[in-house]
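Scroll down for the structure; my scribbles are underneath it.
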Amino acid sequence: MAGWTGLLLGKYFTTVGNKKKASEYFEKMESNIAALRDIPKQIKSWRKLGVNIRELDTIGLTRNETFLKLMAIYKKNGDKESVIEMEKAIADTHLKQGNLDIAETEMLAVLDHYKEIRYRNLHYTYNLLSYIYSFKGNYNKALYYALLTIESMRNNVDTIDIVNYYCQLANMYYVLGQYEKSAESFSIAFNREFRNPIEFYSIRDAGMYARVLVKQNQVRQAVLFIQKFIKKYPPVDTYGKASLARTLAWYYRSIGNLLESEKYIREMIAMAPLL
């Protein structure tokens with residue numbers, strides 16, 4: 001009962017309002033995991049449960065509750081870095097849930113704790129802080145942390161998430177009206193091969209890059225870029241297709257072709273019920 005059956009049954013009884021029955025299953029799961037004599041197996045069980053609980057799920061056993069269980073194990077073992085990792089995971093979950101004030105306080109504490117142990121890969125935390133401040137509308141602070149993200153990434157030669165980092169930087173420059181710097185950052189982000197099928201976020205950011213080019217009066221370059229990109233990496237899900245339609249509607253409206261713009265607006269409207 002330490003695995004999926006207990007989790008699913010607990011979630012089910014929570015959903016139908018039988019909290020007593022749900023608690024029985026969750027408590028049984030916790031007892032079974034705690035009974036595992038091998039600590040690495042306990043950690044693996046809680047991690048597996050945690051990442052498979054939806055981030056937005058706030059009923060029954062939540063993702064953050066599993067992270068707190070892990071944190072307790074790491075504290076007992078004196079594993080400071082993993083404790084901070086769980087603190088960051090909790091803050092990130094609060095960010096995804098829209099609890100921005102809580103996420104901000106927690107993430108700043110995470111940053112301090114990482115610095116205390118001289119942890120070098122701070123770009124992951126800086127990037128999350130940039131998102132927090134951008135969602136809060138504090139774009140100057142979001143830009144500050146986006147720049148720190150790039151600096152830390154370079155210093156640690158860790159380019160796994162380079163596209164995300166440069167697109168976030170480019171988007172912050174865009175909202176602050178610094179279109180030339182925005183275009184430069186987008187150019188770095190998109191000067192590489194992407195995996196197919198492509199993620200929605202890359203379709204969205206490609207659209208933002210096209211907008212920046214239009215803002216710089218590089219209309220021809222904008223349409224050539226988006227046409228080439230979409231031909232090579234066509235969107236496969238509804239979100240990607242809707243994002244592309246939004247970009248094209250905006251583009252044709254910006255050049256005064258209202259008939260073509262309306263065509264893509266209608267496409268967005270048709271896809272709305274599927275989103």
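Along the sequence shown, residues carry numbers from 1.
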Validation row, ring centre Tyr133 to ring centre Tyr139 under 6.0 Å: no

Contact summary for Leu143 and Leu176, nearest pair of heavy atoms: CD2-CD1, 3.7 Å

Heavy-atom side-chain contact between Tyr131 and Asn164 under 4.5 Å: yes

Within 6.0 Å of CZ in Phe200, more than 12 heavy atoms from elsewhere: yes

Approximate separation, where rounding is to 0.5 Å, of Phe229 CZ and Asp205 CG: 9.0 Å

Flag side-chain contact, heavy atom, 4.5 Å: Tyr124 against Ser152: no

Lys/Arg N to Asp/Glu carboxylate O, Glu65 vs Lys69, below 4.0 Å: no

Nearest non-hydrogen partners of Lys232 and Asn196, listed with the distance: O-ND2, 3.1 Å

Test item: Arg192 side-chain N/O and Ala189 main-chain N/O as donor-acceptor pair under 3.5 Å: yes

Stepwise salt bridge (charged side-chain N to carboxylate O under 4.0 Å, His left out) check, Lys136 with Asp101: CA-CA 9 Å; Lys136 295 187 78 172; Asp101 290 337; 2.7 Å; yes

Parallel, tilted or perpendicular: rings of Tyr233 and Phe194 (30°, 60°): perpendicular

Side-chain donor-acceptor contact under 3.5 Å, Gln168 with Ser130: yes

Residue Gln216 excluded, over 12 heavy atoms near CD under 6.0 Å: yes

Reference residue His123; test side-chain hydrogen bond (donor to acceptor under 3.5 Å, both in side chains); the match among Asp158, Asp161, Thr149: Asp158

Pair Phe186 and Tyr166, ring centroids less than 6.0 Å apart: no

Heavy-atom side-chain contact between Lys41 and Ile43 under 4.5 Å: no

Over 12 non-hydrogen atoms of neighbours within 6.0 angstrom of CD in Gln97: yes

Side-chain (Asp237) to main-chain (Ile198) donor-acceptor, under 3.5 angstrom: no

Intermediate values then yes/no, salt bridge (charged side-chain N to carboxylate O under 4.0 Å, His left out), Glu260 and Lys263: CA-CA 5 Å; Glu260 196 69 9; Lys263 167 188 167 184; 3.6 Å; yes

Side chain to side chain, Arg253 and Leu258, heavy atoms closer than 4.5 Å: yes

Residue pair Pro235 / Gly240: nearest heavy atoms and the distance that separates them: CB-C, 3.5 Å

